[in-house]
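This report refers to the structure that appears directly beneath it.
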Number of protein chains: 2
Amino acid sequence: MPRRSYDQYCAIARTLDTVGDRWSLLIVRELLAGPLRYTDLFTDLPGISTDVLASRLRDLERDGVVSRRRLPPPGTGSAYELTERGGALLPVLGALAVWGGPSLGASAPTDAVRAHWFALPLLARLAPLAGDERGVMDVTLPDGTFHLRLGDAPPGTPVCGRGPSPTGSDASLTLDTATCLSLADGTLTATDALTAGTLTVTGEGPLAESLRKHATTATAVRN
Amino acid sequence: MPRRSYDQYCAIARTLDTVGDRWSLLIVRELLAGPLRYTDLFTDLPGISTDVLASRLRDLERDGVVSRRRLPPPGTGSAYELTERGGALLPVLGALAVWGGPSLGASAPTDAVRAHWFALPLLARLAPLAGDERGVMDVTLPDGTFHLRLGDAPPGTPVCGRGPSPTGSDASLTLDTATCLSLADGTLTATDALTAGTLTVTGEGPLAESLRKHATTATAVRN
DNA sequence: CGGCATCCGTGACGATACTG
DNA sequence: CAGTATCGTCACGGATGCCG
C-alpha cells in the first residue's frame, strides 16, 4: 500500500492501494514464475530503478504479497517469493494479459522481450483445453523456453517458470512467434492452431492426450 | 497510455501502459455503471483532482477506452462512456474486486462510501448462480440501491448502474451490509446467504427462479 | 454552472554513484 | 550481491481562475 491511499471503501480501490503502484504488478508477474533474488528480479524488469525495486519489495512484503527467504547454504543472499495471497493475484494478471493481447501488435524497437512473458497469456488461453488434467508443460518458442503448470497445485507452487521444467514435463508444446501472438491476442484459438499444425504437442501422458483430443474433436465436429 | 511506457513486449505491461496510471481503473469502474458527465464523475471519485481527471479522460479517449458524446438537447454538456474495448475491462475489475474482498475489512473513518461500489464484487459472485438466464436485478443495501445486468448483453450496455434499473428489473435482491461484506470477501457464498435468509430474492421471472433454485438445490443436497 | 486550464508545493520516479 | 544515497525531473493533489 502506497503512502497515498484512495481512501475508498471499495474492494477494487483496496486492491489498487496494495498493488496499484507503478511496477508492483510486474514484480508479481516475475515472481509467479518462481522465487528470484533481487538482482535477477532487477534484470528481468528492464527500466525499473534499484531504489524503486527495493521500495516495492518492502511494501509488498509488509502487505503480505511477497515474502523474503534466506537461501540455503549452496546459494548466497536471499530470495523473494509470492505468499499464497500473492499467488492469488494470478486471475488479475490473467485478465490483464487477455485484455492486452489485442493491443500487443508488433514489438517496438525499444521494447524489451522475454520469452516467459508469454507464459501468462498462453496459460489463460490453454487452461480450458487441459480439462481436469494436471501437469507441467514445456513451451518452446523461437526466443526461448518456459513451462506452465496446468490444473490445481499445492498453494505456493509457481504456475510457470523460466526455462524447461526442472522436474520433467508431462507435455511439450512447440510454436512459432506468429502463432504465439495470435493465441495471445485471441484471434486464433489453441484448437485451431493444433488443427493447423502450427502448434504441436508431444508427450504421452493424459495431459498431452487431453490437449490433442481437443484438436481432433474440433476437427471431427467441423467435418 | 502515460508518457512513460514500460517498453516491454508483454501483454500485461501493455495493459498497464494504458490503464495502469493512478485513477484510470477507478474511472473505468465508474463508467461501467453507465455514461457520466465530467462533474458527476468528479463527485463519485473522491480525492481525484480536476486536472488529473481531465488528463486521464483525454488519455483514455485517445487509447479507445472511453468515448465522449454530446448529450441530446434535454441535457447540457457532454458525457463520457466506455467503448466496447473499455467495457471489456470488466474481467479485470472483477478479478481486482475478488482479490480485494478479503482485505476490505471495516471501513476507515476517512473512507468514502458509495453503494454501487459493491456492484462489481457482487456481480463476480452472483454471475455463476444466474446460469444462462439473462436479465436485470435490483440490489438494495441499507446505504442505497443499484442494479446489475446478468448474462450476455449487447456491447456497450452497462453491466451495472446507480439506483434501481430505469427499465424495470427481473429480480430484486435485498441484503444487509454484513451479508454484502461477507459475500464480497468470499467467506459467505450467495447460496448460503439465500439458505440463511440474510439474502432475499423477489421476482417472478426465470432469472429470479434460477437464483432461488440454487439455494433450494444446495439445501436439498446438504440434507 | 459545467468543464476544464493554470499555478504551485510535495512527493514519487528514474538514473547514476556509492557502500556494507 | 543487495541494496542505500543523492539529485534532477515529473506526476500528483489542492486551490483558484477562466470561459462558454
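Heavy-atom basis, side chains included; hydrogens, waters and symmetry copies ignored. The chains referred to below are lettered A, B, ... by the order of the sequence lines, with proteins before strands, and numbering in each begins at 1.
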Does [N] have its OP1 or OP2 closer than 4.0 Å to a side-chain nitrogen or oxygen of [X]?
X       : N      : result
B:Trp23 : D:dA11 : no
A:Arg56 : C:dA12 : no
A:Tyr80 : D:dG3  : yes
B:Arg68 : C:dC4  : yes

Worksheet item: Using a distance-only test with no angle check, is there a side-chain donor-acceptor pair under 3.5 angstrom linking A:Arg68 and A:Ser78?
Response: yes
Discussion item. We want to know whether B:Thr179 and B:Asp176 form a side-chain donor-acceptor pair, criterion being a heavy-atom distance below 3.5 angstrom.
Written reply: yes
Set out, line by line, the N/O atom pairs under 3.5 Å between protein and nucleotides 8-10 of chain C.
none

Fill in: Exam field: side chain B:Arg125 to backbone B:Leu183, donor-acceptor pair closer than 3.5 Å
yes
Discussion item. The side chain of A:Asp21 is closest to which nucleotide in this list: C:dC13, C:dG2, D:dC1?
Written reply: C:dC13
Worksheet, complete the sentence: Winner on side-chain proximity to B:Arg22, out of D:dG13, C:dA5, D:dG3, is D:dG13
Practice prompt. Go through the structure and list residues passing ring-ring contact (aromatic ring centres under 6.0 Å, His included) with A:Trp23, not counting sequence neighbours.
Written response: B:Tyr6
Worksheet item: Looking at DNA chain D, which of residues 40-50 of chain B put a heavy atom within less than 4.0 Å of it?
Response: B:Gly47, B:Ser49, B:Thr50
Worksheet item: Within 45° of the ring axis of A:Trp99 and under 6.0 Å from its six-membered ring centre, is that where the NZ or CZ of B:Arg85 lies?
Response: yes
Worksheet item: Rounded to the Å, how far apart are B:Tyr38 OH and D:dC18 P?
Response: 17 Å
